[in-house]
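Remember, predicted model here, so these are calculated numbers, not experimental data. One is the number of the first residue; the rest follow in order along the sequence.
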Amino acid sequence: MNFFLKHIRPNDYSPLPTSLASPTSVHQPKRAFSRRYVALVLFLTLSAALNLILFFCPPKYYPRTALDNYQALNHNPLIDADSLPLTSASEPLELAHEQHAVVTSLYTDAFAGAVATLGHSLRRANTTARLLVLYLPDRVSPHALCLATASGFEPHPVARIPPPHRGRGVYAHFLDQFTKLNVWTLDALGVKSLVYLDADTLVRRNFDELFALPFAFAAVPDVFPTGQGFALSLNAGVLVLRPSTAVFHDM
């Protein structure tokens, strides 16, 4: 018992090593508080600066248009009532040739050869439709137009339609693509249904059955074979539509 009491007397304990009570461990909470304070001050300063910038230099917002994919463009009917009943197999070939058209476009001389090649592929597919090429008279030379129409395309001059917002956000090679909207005015030429093909497409077989579709507009999305899937937007390189100048002015 005396041995046990001897070893629990307070005077017998040795003081703690000074390394355990180092200044670093004692002042660490103060340093952590200091860092939080500096971070808070920086956050408030940056927030105030950003609010001042937005107040004196507010961002510009453009009005939403039909090209922004924000509106539901469903006020035009999906089915063209004038096309019903569908074209029958007994329709005269001459009538089908005048009312159906395969349309392409030519905005520069560079695609004249492509248009001619597309025309040859259409002839090999034995299409019964007339061939029309929309071109810009001030940008396409007579020599290029002669080459483009060598395979049977009828030239049809159109005015250029500039892109919205002065082309902001549009790739340079797409700046003339809004001129393609002129296809909706081809009802003035007696066309009731058409298939639009970009000049860099190639026809592998006959697709005259598309002219009998009663839909006012049809298109397909982009499909990416690299694993990206498909886009929600449409690919404007292949279109099926029933032209209407009224719809063109509505757009």
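The two residues Ala125 and Val203 have their closest heavy-atom pair at CB-CG1, 3.8 Å. Scanning all heavy atoms of the two residues, the minimum distance from Tyr107 to Lys180 falls at OH-N, 3.4 Å. Heavy atoms only, all atoms of each residue included: Leu234 and Ala219 are closest at CB-CB, 4.0 Å. The minimum heavy-atom distance linking Ile161 with Thr179 is given by the pair N-OG1, 3.1 Å. Residues Leu147 and Ala112 share a closest heavy-atom pair of CD2-CB, 4.0 Å. Here the closest heavy-atom approach between residue Ala129 and residue His100 is recorded as CB-O, 3.5 Å.
Of the inter-residue distances, the one linking Thr245 atom OG1 with Leu186 atom CG reads 8.5 Å to the nearest 0.5 angstrom. Taking CG of Asp198 as the start and CG of Leu118 as the end, the distance is 9.5 Å to the nearest 0.5 Å. If you take CG on Asp187 and CG on Leu194, they are separated by 10.0 Å, rounding to the nearest 0.5 Å.
Applying the salt bridge (charged side-chain N to carboxylate O under 4.0 Å, His left out) test to Arg124 and every residue at least two apart in sequence or in another chain returns nothing. Under the side-chain contact (heavy atoms from CB on, under 4.5 Å) criterion, Leu50 pairs with Leu54, sequence neighbours left out. Partners of Leu175 under the side-chain contact (heavy atoms from CB on, under 4.5 Å) rule, at least two apart in sequence or in another chain, are Arg160, Pro163, Val170.
When each of Arg130, Gln99, Glu98 is paired with Val191, the side-chain contact (heavy atoms from CB on, under 4.5 Å) condition holds for Arg130 and for no other. For the side-chain contact (heavy atoms from CB on, under 4.5 Å) with Asp208, the qualifying choice from Asn126, Thr127, Val195 is Thr127, the only one to do so.
Listed by first and then second residue, the side chain to side chain donor-acceptor pair (under 3.5 Å) pairs that reach into residues 109-121 are Asp109-Ser141, sequence neighbours excluded.
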Evaluation steps, side-chain contact (heavy atoms from CB on, under 4.5 Å), between Leu189 and Leu132 | CA-CA 10 Å; Leu189 300 182; Leu132 295 173; 4.2 Å; yes
List the steps and the verdict of side-chain contact (heavy atoms from CB on, under 4.5 Å) for Val133 and Thr149.
-> CA-CA 8 Å; Val133 54; Thr149 57; 4.2 Å; yes
May I have the step-by-step check of side-chain contact (heavy atoms from CB on, under 4.5 Å) for Val103 and His156, ending in yes or no?
-> CA-CA 10 Å; Val103 185; His156 181 65; over 6 Å; no
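Val183 is connected to Leu181 through a chain of hydrophobic side-chain contacts under 4.5 Å among Ile, Leu, Val, Met, Phe, Trp and Tyr, so both are in one cluster. Note: the hydrophobic cluster containing Tyr196 also contains Met251 (ILVMFWY, side chain heavy atoms under 4.5 Å, direct or indirect links).
A donor-acceptor pair is defined here as one N or O able to donate and one able to accept, closer than 3.5 Å; such a pair exists between the side chain of Asn51 and the backbone of Ser47. Of the possible donor and acceptor atoms, one in the side chain of Asn182 sits under 3.5 Å from a partner among the backbone N and O of Ala159. The main-chain N or O of Arg242 is never found under 3.5 Å from a side-chain atom of Ser193 such that the two would form a donor-acceptor pair. Judged by distance alone, with hydrogens and angles left aside, the side-chain atoms of Thr104 form a donor-acceptor pair with the main-chain N or O of Leu197 at under 3.5 Å. Under the 3.5 Å distance criterion, the side-chain polar atoms of Thr45 are matched with a main-chain donor or acceptor of Val41.
Between Pro157 and Tyr135 the shortest side-chain heavy-atom distance falls below 4.5 Å.
Side-chain contacts under 4.5 Å among hydrophobic residues (ILVMFWY), followed directly or transitively, place Leu46 with no other residue at all.
Within a 6.0 Å radius of CZ in Phe111, no more than 12 heavy atoms belonging to other residues, nucleotides or ligands are found.
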Which pairs would a plain distance check flag for residues 209-217, meaning a side-chain donor or acceptor within less than 3.5 Å of a matching protein atom at least two apart in sequence or in another chain?
none

